[in-house]
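Since the structure comes first, as structure tokens, the remarks are kept for the end.
Since the structure is predicted, the reported quantities are computational estimates derived from the model, not experimental observations. The basis for the numbers below is simple: all heavy atoms, side chains too, and nothing from hydrogens, waters or symmetry mates.
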Amino acid sequence: MSTPLVEARGITKRYGPTTALYEGQLTVLPGESHALVGRNGAGKSTLVNILTGLQPADEGTVRFDGEPAPPLADREAWRRKVACVYQKATVVPELTVAENLFINRQPLNRGFISWRTLRTEAAALLATWDVHVDPEARTADLKVEDRQMVEIARALSFGARFIVLDEPTAQLDNREIERLFTRMRALQDSGVTFLFISHHLQEVYEVCQTVTVLRDARWITTAPVAELPRQALVEAMAGESIETIAEQAVDPGDVDHDAPVLLEARGLTSPSYQDIDLVVRSGEVVGLAGISGSGKVELAESFAGLYTPTSGTAQLDGKKLPFGDVQASLKAGVGCVPRDRHEQGLVSGMTIGDNATMTVLNRLGRYGFVGIDRKRRVATELIDRLDIHTEGPDQPVSDLSGGNAQKVVMARALASDPKLLVLINPTAGVDVKSKESLLARMDSAREDGTAVLVVSDELDDLRRCDRVLVLFHGRVVAEHPAGWRDRELIASIEGVDHG
């Protein structure tokens with residue numbers, strides 16, 4: 001067996017009390033495409049950061065071609081070993097391809113940049129790796145697939161032959177994905193080795209020879225792709241045997257199919273999703289699941305007034321739902337817990353009472369004035385209703401723990417007695433007790449006859465839903481009624497059981 005091009009052993013990384021990776025391991029052989037898979041929080045990003053020299057491991061070793069990894073401070077040495085092409089571009093969009101290829105190392109003539117030499121060397125580099133891009137093109141004008149190839153060519157120009165591709169297909173259509181895979185195979189034939197990170201498991205079987213699975217910040221298995229059936233791969237990621245999954249199955253909920261329709265959407269289309277038809281009845285909780293880039297978050301945010309679809313219509317309780325206007329959506333009866341409580345959910349300089357009542361100020365007074373006593377009373381009722389642990393409504397919201405801060409965001413969404421409650425990652429970053437409390441509020445909304453949409457990467461959140469719709473590349477590709485098994489839902493989310 002040849003010397004591994006990359007070998008990581010016993011990699012452990014902690015951030016305070018959190019263990020991001022424990023005794024992780026990876027062995028990548030020269031010339032192969034090696035897949036690294038795992039659900040969110042599995043430890044993939046942590047391992048990549050250590051493999052690319054961005055962070056040190058607390059324990060463990062990394063070797064390249066049998067030799068120890070360079071010192072962390074020697075960035076030039078790391079560039080000669082490994083490069084990562086991220087989902088988010090690292091090129092400078094306003095510069096040309098040639099300028100990006102040789103940024104900070106432009107050829108000089110008497111102390112000045114030699115533009116002719118720069119273009120000549122860029123053209124030669126692109127030709128060497130069969131990248132068909134104009135060196136003088138502005139990088140911002142390139143298609144995503146061409147931008148990725150420019151980043152790969154730049155990495156190869158430093159001497160690196162190990163390239164990490166982090167979700168490279170997230171922004172590509174099927175034809176572009178196939179072209180990328182063709183280029184990857186050609187580069188492999190030229191001696192380039194890839195670490196391929198993707199949530200689209202069918203792509204692992206198309207382009208990779210070996211797969212490593214991480215789960216719950218630990219290494220689970222490494223196996224030849226040809227010897228690992230898809231069902232076994234999903235089970236390795238989910239962490240359960242078929243027997244355990246069967247015992248786990250949740251009993252289907254009793255959905256009242258005669259309950260009035262509150263939300264009805266037809267043909268909703270935007271750059272993030274296509275032809276979405278959706279019906280949610282009074283007292284029904286519908287989950288939206290999918291990988292990053294599936295369109296699930298953008299769809300939910302459209303109902304909350306953050307986006308305007310390019311086509312399609314939606315009605316809430318028989319009236320046209322306004323798009324692209326948060327205030328109008330609120331007045332129409334939409335309550336929302338946004339995806340990020342820090343950036344979108346809370347005003348950190350204000351009190352708990354101010355944050356909790358922000359959506360109902362018009363009910364707290366007349367002629368534009370807010371009654372202080374009335375606001376305090378409403379805020380106190382919300383604090384009690386959500387079991388927010390606080391000294392009172394006048395306490396700064398910035399003093400709260402993550403779980404209690406999220407309860408404030410939930411309280412504000414519920415304060416307006418919405419007809420439609422949109423919950424986006426409602427239990428992200430909260431402790432177990434707060435998580436259960438937040439999910440109990442979702443159950444209460446259902447009992448009150450509210451229509452509820454839940455977007456989450458957490459299976460426990462989705463387990464409370466009457467049904468879960470799975471989006472993949474912007475389209476609804478599967479629907480799972482309550483009682484689904486983890487393996488089945490994960491397979492749909494990861495794209496295993498559909499094209």
> Yes or no on side-chain contact (heavy atoms from CB on, under 4.5 Å) for Glu178 and Glu206, after CA distance, side-chain angles and deciding distance?
Replying inline: CA-CA 10 Å; Glu178 189 50 49; Glu206 289 178 37; 4.2 Å; yes
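- Judged purely by atom type and a 3.5 angstrom limit, Glu167 has no side-chain atom pairing as donor or acceptor with the backbone of Tyr86.
- The side-chain heavy atoms of Pro4 and Thr27, taken from C-beta on, include a pair separated by under 4.5 Å.
- Checked by atom type and distance alone, the side chain of Tyr205 pairs as donor or acceptor with a backbone atom of Arg230 at under 3.5 Å.
- Separation of atoms CD (Glu235) and CD (Gln231) is listed at 5.0 Å; rounding is to 0.5 Å.
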> Can Val337 and Val422 be said to form a side-chain contact (heavy atoms from CB on, under 4.5 Å), step by step?
Replying inline: CA-CA 6 Å; Val337 172; Val422 178; over 6 Å; no
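- For the residue pair Asp461/Thr427, the side-chain donor-acceptor check at 3.5 Å is satisfied.
- For Thr12 against Glu23, the heavy-atom pair with the smallest separation is OG1-N, 3.0 Å.
- Under a cutoff of 6.0 Å and an axis angle of 45°, Arg105 and Phe158 form a cation-pi pair.
- The two atoms that bring His34 and Cys208 nearest to each other are C-SG, 4.3 Å, heavy atoms only.
- Panel note: side chain Asn100, backbone Thr96; a donor-acceptor pair is recorded below 3.5 Å.
- Side chain of Asp58 to backbone of Arg14: a donor-acceptor contact under 3.5 angstrom is found.
- Between Leu54 and Arg75, the closest side-chain pair of non-hydrogen atoms falls below 4.5 Å.
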> Can you check side-chain hydrogen bond (donor to acceptor under 3.5 Å, both in side chains) on Ser33 and Gln188, steps first, answer last?
Replying inline: CA-CA 8 Å; Ser33 280; Gln188 278 183 258; 2.9 Å; yes
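- For the pair Leu214 and Ile220, the minimum side-chain heavy-atom distance is 4.5 Å or more.
- For the residue pair Glu203/Ser198, the side-chain donor-acceptor check at 3.5 Å is satisfied.
- Between Arg179 and Glu145 there is a salt bridge, with a side-chain nitrogen of the basic residue lying less than 4.0 Å from a carboxylate oxygen of the acidic one.
- We find the CG-CG distance between Leu439 and Leu423 to be 9.0 Å, quoted to the nearest 0.5 Å.
- Among pairs with a residue in residues 47-57, those fulfilling side-chain hydrogen bond (donor to acceptor under 3.5 Å, both in side chains) read Tyr15-Gln55, at least two apart in sequence or across chains.
- Residues Lys407 and Arg412 form no side-chain contact, since every pair of their non-hydrogen atoms from C-beta on lies 4.5 Å or further apart.
- Considering CD of Glu94 and CG of Asp141, their distance stands at 8.5 Å, rounded to 0.5 Å.
- Using a 4.0 Å cut-off between a side-chain N of Lys or Arg and a carboxylate O of Asp or Glu, Glu32 and Arg185 do not qualify as a salt bridge.
- Side-chain atoms of Asp166 do not come within 3.5 Å of backbone N or O of Val85 as any donor-acceptor pair.
- A salt bridge is defined here as a Lys NZ or Arg NE, NH1 or NH2 lying under 4.0 Å from an Asp or Glu carboxylate O, and Glu99 with Arg119 fails to meet this definition.
- With salt bridges taken as basic N to acidic carboxylate O contacts below 4.0 Å, one links Arg464 and Glu436.
- Residues Arg441 and Leu414 are in side-chain contact: their nearest non-hydrogen atoms beyond the backbone lie under 4.5 Å apart.
- No donor-acceptor distance shorter than 3.5 angstrom exists from the side chain of Ser114 to the backbone of Pro107, with no hydrogens or angles considered.
- Closest approach of Ile11 to Leu21, counting heavy atoms only: O-CG, 3.6 Å.
- A cation-pi arrangement is not found for Arg475 relative to Tyr273, the charged atom failing to lie both closer than 6.0 Å to the ring centre and inside a 45° cone about the ring normal.
- Using a distance-only test at 3.5 Å, with no hydrogens or angles considered, no donor-acceptor pair links the side chain of Trp78 to the main chain of Ala83.
- Under the 3.5 Å distance criterion, with hydrogens and angles disregarded, no donor-acceptor pair is assigned to the side chains of Glu121 and Gln106.
- Judged by distance alone, the side chain of Arg161 and the main-chain N or O of Leu156 form a donor-acceptor pair under 3.5 Å.
- The line from CZ of Phe162 to OG1 of Thr193 is 7.5 Å long, rounded to the nearest 0.5 Å.
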> Under the side-chain contact (heavy atoms from CB on, under 4.5 Å) criterion, do Val37 and Leu201 qualify, and how do the steps go?
Replying inline: CA-CA 8 Å; Val37 302; Leu201 296 191; 4.0 Å; yes
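- Looking at Leu288 and Leu299, their side chains come closer than 4.5 Å, going by heavy atoms from C-beta outward.
- The pair Arg463-Asp486 counts as a salt bridge, with a side-chain nitrogen and a carboxylate oxygen less than 4.0 angstrom apart.
- Using a 4.5 Å heavy-atom threshold, the side chains of Trp219 and Val213 count as separate.
- Here the closest non-hydrogen pair linking Ala98 and Ala122 is CB-CB, 3.6 Å.
- Shown here for Gly290 and Asp457, the closest heavy-atom pair between the two residues is O-OD1, 3.8 Å.
- For the atom pair CG of Leu195 and SG of Cys84, the computed distance is 8.5 Å after rounding to the nearest 0.5 Å.
- Contact check for Arg9 versus Glu59: no side-chain heavy atoms found under the 4.5 Å cut-off.
- Lys44 places no side-chain N or O within donor-acceptor distance of the main-chain N or O of Leu36, the cut-off being under 3.5 Å.
- Within the model, atoms CG of Leu233 and OG1 of Thr221 stand 9.5 Å from one another, a figure rounded to the nearest 0.5 Å.
- Here the closest heavy-atom approach between residue Ala20 and residue Ala217 is recorded as O-CB, 3.2 Å.
- Side-chain N or O atoms of Lys13 include one that pairs as donor or acceptor with a backbone N or O of Pro56 at under 3.5 Å.
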>> What verdict does the side-chain contact (heavy atoms from CB on, under 4.5 Å) test give for Leu125 and Phe102, after you've listed the backbone C-alpha separation in whole Å, the side-chain angles of each residue and the deciding distance to 0.1 Å?
In response: CA-CA 10 Å; Leu125 174 62; Phe102 291 98; 4.2 Å; yes
Could you give the side-chain donor-acceptor pairs of residues 62-69 under 3.5 Å, partners two or more places apart or in another chain?
residue : atom : partner : partner atom : Å
Arg63   : NE   : Gly66   : O            : 3.1
Arg63   : NH2  : Gly66   : O            : 2.5

